[in-house]
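All values below come from the heavy atoms of this structure, side chains included, with hydrogens, waters and symmetry mates left out. Protein chains get the first letters and strands the later ones, always in sequence-line order, with residue 1 at the start of each.
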Amino acid sequence: MLEVYNTLSRKKEIFIPQDPAQVSIYACGPTVYNLPHIGNYRTFFMTDLLVRTLEYLGYEVKLVMNITDIDDKTIRDSGKAEMTLKTFTEKYTEEFFKGLDLLNIKRASEYPKATENLAGMIKLSQKLIEKGLAYEKEGSVYFKISSFPNYGKLSKLDSKKIKIGASVDVDEYAKDNPRDFALLKASSPKEIMRGIYYESPWGKVRPGWHTECSVMAMEAFGPTLDIHTGGVDLIFPHHENEIAQAEGATGKPFVRYWIHGEHLIVNGEKMSKSKGNFFTLPEIVEEYGGEVVRFMFLSVHYRKKLDYTKAFAENAKNNYSRLRETFEKLEFLLPSANLSHYPADRKTLESLPLFEAEFKTALEADLDTPKALKVFRKLSRSANTYLEKGKNREVLEKLLIQYKSFAAVLGLFEKKDKKIPIEVLKLVEKRETARENKQWEKADSLRAKVKELGYSVQDTKAGPQIKKI
RNA sequence: GCCAAGAUGGCGGAGCGGCUACGCAAUCGCCUGCAGAGCGAUUUCAUUCCGGUUCGAAUCCGGAUCUUGGCUCCA
């Protein structure tokens, strides 16, 4: 039984999908106007973790994540770059996918784009106008929050008390009430000149940000979906508005479980370009590797702020390496493991189901990855201890299977190691011969050569273990 | 102003009512031609402050102090 924290109730709830055959998840995806930063990816990671956990627990999952490829920022920055909106957003969509791969984030079933869903948005707007929940003004369509009594139920904000921002939008668009939000925005003359518009009953328009998500989510799953994910900052107004639009139109509950991921901050401060503490994913991956970044995410619960600091990153790197070391050792030793030479260690074998149970319990408790990692470490230690005294094939096999099972749920150790070059293998072989003949100087110089090629050799009882540095 | 979240050892950072976090650092041992790396074990050391609940609290409940975040584009 999976328990998740539902923002709607502010409580942990037992998760029961409406359709036992398939869990429906909609995740807010990126706005493709620049390289996503590491905090963005923490949220995408969180959704990936959720999917993997559900699959581990035996569910079939369908995940849909949108790509916002038209909004104020994409229009503005594509203009600055003197590119068409399409070319510009395609470039950053590709970057986004590259980032997912770096973090072993599994692809969603679909990535619908805002620009491809205008028909649905226009239809939704029409329906809301018919119901008296929206109105047209100067070519834009706005949602009238005063007509929707449930407004504020997710964010727990009183719609009358929401502070009106000093945003330019307030005067830029003629709304009845400054708190009303746009479903469709009238395209500006400049936008029309660039071809950024769609024909609608109210003239040439482009989508409002909130509209696309409601439309694409319902397009994929119908009026009610199981889970909707996103970052905490989307609770208000984005998700609040999604609820208003969807429930206003259908009269049915839109989302059964809202799951929000906390932010990543840097040295105790919010990431921002002006503070100079803004990190894109490639920058950090460059230094630590994608799996270590993933490990960082895993080591802090998704509803807790992750304070990214140098010390924290180093810590994660060490912890990660220790786990990986054991994994590699198991893989390395297994082929040469003797069937009967060593006795099967009962204690080790019997501990495996216990670890498995503990691991599962941890994830079921609102995706408690820090605890799951703790169990993983226990397994690692247990494996290490066993390897010191015995190498029975059966035990090694079972340890490795267990190891891989944990790793798969957490999304670790998936990077396929590039094949070791023949050159390196030959050098190592020569070195072994030299060692057998006790030609230590020769052996050492060969080791140095191997190192130059970017590999290290460790002498073990089972022979030399080669690793990429 | 209105909502939230958090304060743990030399450092970083888990823990969510009783039981080992873990990593770094230190010590010992194993392994080794050497080296590195690895592995195991060990010591010292903490729970922001003040109350309360409890047989028992880092953990639950008040209060204080400090820090951070949201209320506006935002993962």
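Residue contacts for A/R377: at a heavy-atom cut-off of 4.0 Å it reaches a base atom on one of the strands shown. Counting any heavy atom pair closer than 4.0 Å across all strands shown, A/K317 reaches no nucleic acid atom.
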(request) With side-chain hydrogen bond (donor to acceptor under 3.5 Å, both in side chains) as the test, would you mind laying out the steps for A/Y288 and A/E314 before giving the verdict? (result) CA-CA 9 Å; A/Y288 294 103; A/E314 291 293 331; 3.2 Å; yes
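For the P atoms, the distance linking B/G13 with B/C31 amounts to 38 Å, nearest Å.
Rounded to whole Å, atom P of B/C74 lies 11 Å from atom NE2 of A/H263. Between A/N437 atom CG and B/G33 atom C1' the separation is 13 Å, expressed in whole Å. In this structure, A/F295 places its CZ atom 13 Å from C1' of B/G12, rounding to the nearest Å. Atom C1' of nucleotide B/G13 and atom CG of A/L373 are separated by 12 Å, given to the nearest angstrom. If you take CD of A/E262 and P of B/G6, they are 10 Å apart, rounded to a whole angstrom. Taking atom NZ of A/K304 as the reference point, atom P of B/U68 lies 17 Å away to the nearest angstrom. The interatomic distance linking A/M296 (CE) with B/C24 (C1') rounds to 15 Å, in whole Å. Look at CG on A/D368: it is 11 Å from P on B/A14, rounded to the nearest Å.
Of the listed nucleotides (B/G33, B/C74, B/C16), B/G33 has the atom at the smallest distance from the side chain of A/R435.
Base pairing of B/C24 is made with B/G10, judged by Watson-Crick or G-U wobble geometry with both donor-acceptor distances under 3.5 Å. In this structure B/A46 sits in no base pair that meets the Watson-Crick or G-U test at under 3.5 Å. The partner of B/C73, taking Watson-Crick or G-U wobble pairs whose two distances both stay under 3.5 Å, does not exist in any strand shown.
To the nearest 0.5 Å, the span separating CG on A/N241 from NE2 on A/H210 amounts to 4.5 Å.
For the pairing with A/D226, the side chain to side chain contact (heavy atoms under 4.5 Å, CB included) check across A/V61, A/V23, A/V255 returns one residue only, A/V23. The one candidate from A/I243, A/I227, A/I235, A/T229 that meets the side chain to side chain contact (heavy atoms under 4.5 Å, CB included) condition with A/W258 is A/I243.
Applying the 4.0 Å criterion to OP1 and OP2 of B/G23, one finds that A/R322 has a side-chain N or O inside that range. For the pair A/K451 and B/G36, the criterion of a side-chain N or O lying under 4.0 Å from OP1 or OP2 is not met. The side chain of A/R381 places an N or O atom within less than 4.0 Å of a non-bridging phosphate oxygen (OP1 or OP2) of B/A41. The phosphate of B/C22 (OP1 or OP2) has no side-chain N or O of A/N319 nearer than 4.0 angstrom. Proximity of A/N40 to the phosphate of B/A75: a side-chain N or O atom is located under 4.0 Å from OP1 or OP2.
Nearest-nucleotide positions on RNA chain B for A/P237 and A/E358 put A/E358 closer to the 5' end. Residues A/K374 and A/W440 both approach RNA chain B. Their nearest nucleotides, taken by heavy-atom distance, put A/K374 toward the 5′ side.
Remark: A/R324 fails to qualify as a cation-pi partner of A/F413 under the 6.0 Å distance and 45° angle criteria applied to the six-membered ring.
Remark: the A/R447 side chain and the B/A35 base include a donor-acceptor N/O pair separated by less than 3.5 Å. Below the 3.5 angstrom threshold, one finds a donor paired with an acceptor across the side chain of A/D459 and the base of B/C34.
Of all heavy-atom pairs between A/A182 and A/K185, the closest is CB-CG, 3.8 Å.
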